[in-house]
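Taking it in order: structure first as structure tokens, then the write-up.
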Amino acid sequence: MRVPLFHLGYTLDSGQVFRWQRDGEWWRGVVGRRSLRLRQEDGELVVQGDADEAFLRRYFRLDDDLEAIYADISRDEDIAAVIDRFRGLRLIRQEVWECSASYLLASYANVPRIKMMIESVCRTYGARLPDGRYAFPTPEELAEGGDIAACRLGYRADWLRCYARSVRDGEFDLDKLKGLDYESSVRYLKTVRGIGDKVADCIALFSLDHLQACPVDVRIARAMKERYGVSGSYKKVSEHARRHFGRYAGYAQEYLYLAEDRAQKKASTASSPGTRTPAP
DNA sequence: AACCAGGTCTCGA
DNA sequence: TCGAGACCTGGT
């Protein structure tokens with residue numbers, strides 16, 4: 001399918017989603033119960049698997065007018081340069097249950113481990129797909145399934161089981177959540193054990209279309225301090241970012257995240273020169 | 001081998 | 001409302 005301004009690699013490698021992996025020129029991933037392979041050739045997205053054009057257009061937010069968003073969030077030279085470097089990075093529109101359950105697990109863990117935990121949860125509770133991969137489990141499957149200890153979730157295990165039961169029982173209402181504005185949705189999300197400021201913002205941004213949400217993790221905190229001299233509480237930094245970047249602050253946040261991520265990876269590979277001989 | 005990670009919870013001021 | 005400390009576990 002033909003796509004507008006879009007960079008598949010930046011988009012799938014920006015820490016938004018946890019079930020995609022690079023496989024040569026292809027990206028392999030599972031979204032809900034669809035197993036997919038994607039490859040980009042300039043303005044063409046090559047698709048293998050059960051995804052129609054409408055689904056991908058929605059998932060990758062291809063209808064967002066990126067140039068208009070760039071114009072809106074380019075409030076200073078610094079962010080403009082970052083945007084220019086990662087042009088085509090898009091936010092991904094995730095399904096609410098999968099997004100919220102995934103980010104519930106994401107607290108205080110690094111991306112490789114988050115991917116492991118989620119893969120483990122899918123293998124343990126999710127439906128097996130024709131190609132051998134596993135769908136993300138439904139709240140019912142997760143609430144009623146067997147041993148969660150094998151998933152190695154640590155203290156997140158109880159959070160996830162409780163959340164799944166709560167959604168299954170209708171105590172936490174995902175349809176109600178979808179109807180709330182940004183502030184109300186964050187307030188409602190934070191009633192869930194394990195969902196705090198940061199995770200609530202991730203869910204609001206990645207699955208509820210609240211593009212002003214600005215999740216602040218350690219990289220964004222670092223970026224906001226180094227680039228704008230802003231530090232302090234979550235509320236302070238997040239609100240400053242939202243005021244500074246405006247109604248698409250979440251987009252600005254994602255570009256900063258990828259820039260910080262790349263900078264950190266580059267620094268760590270430079271400082272560890274391959275094999276090191278142990279001290280005598 | 002320490003330190004850190006897409007943080008949250010609890011508790012005391 | 002805010003800051004401080006604890007926390008499962010695996011990567012780096």
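Note on naming: letters A, B, ... go to the chains in the order of the sequence lines (proteins, then strands), and numbering restarts at 1 for each one. Here the structure is a predicted model, which means the values were calculated and not measured.
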When the nearest nucleotide of DNA chain C is assigned to A/G232 and to A/L153 on a heavy-atom basis, which residue is associated with the more 5' position?
-> A/G232
Among residues 103-110 of chain A, which contact DNA chain B at a heavy-atom distance under 4.0 Å?
-> A/Y103, A/A106, A/S107, A/Y108, A/A109, A/N110
In whole angstroms, how far is the P atom of C/dT9 from the CD1 atom of A/I148?
-> 13 Å
Out of A/Y70, A/Y10, A/F245, which one pairs with A/Y255 under the ring-ring contact (aromatic ring centres under 6.0 Å, His included) rule?
-> A/Y70
salt_bridge(A/D50, A/R34) N-O dist < 4.0 Å | no
C/dG3, C/dG11, B/dG7: which one has an atom nearest the side-chain heavy atoms of A/M116?
-> C/dG11
Whole Å only: how far is the OH atom of A/Y155 from the P atom of B/dG7?
-> 9 Å
For residues 29-48 of chain A, which residue pairs qualify under ring-ring contact (aromatic ring centres under 6.0 Å, His included), counting only residues two or more places apart or in two chains?
-> none
With no angle test and no hydrogens, is the base of C/dT9 tied to the side chain of A/R152 by a donor-acceptor pair under 3.5 Å?
-> no
Say you pick atom P in B/dT8 and the same atom in C/dG11; how far apart are they, in whole Å?
-> 22 Å
Between A/R168 and A/E144, is the closest basic N to carboxylate O distance under 4.0 Å?
-> yes
So which pairs with a foot in residues 193-203 of chain A pass salt bridge (charged side-chain N to carboxylate O under 4.0 Å, His left out), sequence neighbours left out?
-> A/K190-A/D197
Salt bridge flag under 4.0 Å for residues A/D175 and A/K178 | yes
Looking at B/dT8, B/dA5, C/dT12, which one has an atom nearest to any side-chain atom of A/Q264?
-> B/dA5
Donor-acceptor pair, A/S120 side chain versus A/M116 backbone, under 3.5 Å?
-> no
Which is true for A/S102 with a 4.0 Å heavy-atom rule: it touches a base, it touches only sugar-phosphate, or it touches nothing?
-> nothing
Rounded to whole angstrom, note down the P distance from B/dA1 over to C/dC8.
-> 22 Å
Please work out if A/D197 contacts a base, only the sugar-phosphate, or nothing of the nucleic acid, heavy-atom cut-off 4.0 Å.
-> sugar-phosphate
To the nearest angstrom, the CZ-P distance between A/F18 and C/dG10 comes to 18 Å
Could you state the atom-to-atom distance from CZ of A/R113 to P of C/dC7 in whole Å?
-> 15 Å
Please name the pair of heavy atoms, one in A/A249 and one in A/Q212, separated by the smallest distance, quoted to 0.1 Å.
-> CB-O, 3.7 Å
Give a yes or no answer on whether the side chain of A/R33 reaches the backbone of A/A127 with a donor-acceptor pair at less than 3.5 Å.
-> no
Nucleotides 9-13 of chain B: which of its N/O atoms have a protein N/O under 3.5 Å away?
{"residue": "B/dC9", "atom": "OP1", "partner": "A/G194", "partner atom": "N", "Å": "2.8"}
{"residue": "B/dT10", "atom": "OP1", "partner": "A/R193", "partner atom": "NH1", "Å": "3.1"}

To the nearest angstrom, the CE-C1' distance between A/M117 and C/dG11 comes to 12 Å
Can you tell me how far C1' of B/dT8 sits from CD1 of A/I203, to the nearest Å?
-> 13 Å
Watson-Crick or G-U stems involving DNA chain B, each at least 3 pairs long, distances under 3.5 Å, ordered by first number | B:2-5 with C:9-12, B:7-13 with C:1-7
Determine the interatomic distance between P on C/dA6 and the same-named atom on B/dC3; round to the nearest Å.
-> 15 Å
Which part of the nucleic acid, if any, lies within contact of A/V216, taking any heavy atom under 4.0 Å across all strands shown: a base, the sugar-phosphate backbone alone, or nothing?
-> nothing
Could you give the CD1-to-C1' distance, from A/I220 to B/dG7, as a whole number of Å?
-> 15 Å
When you measure from the side chain of A/S185 to the backbone N and O of A/Y182, does any donor-acceptor pair fall under 3.5 Å?
-> yes
Fellow cluster residues of A/V30, listed by chain then number, with links counted only when side-chain atoms sit under 4.5 Å apart = A/L129
Treat each ILVMFWY residue as a node, draw an edge where side-chain heavy atoms are under 4.5 Å apart, and state whether A/Y103 and A/Y155 are in one component.
-> yes
Distance, rounded to the nearest Å, where A/R222 contributes CZ and B/dA5 contributes C1' | 11 Å
Of A/K266, A/K225, A/R222, which meets salt bridge (Lys or Arg N to Asp or Glu O under 4.0 Å) against A/E260?
-> A/R222
May I ask you to say what A/E254 touches in the nucleic acid, namely base, sugar-phosphate or nothing, with a heavy-atom cut-off under 4.0 Å?
-> base
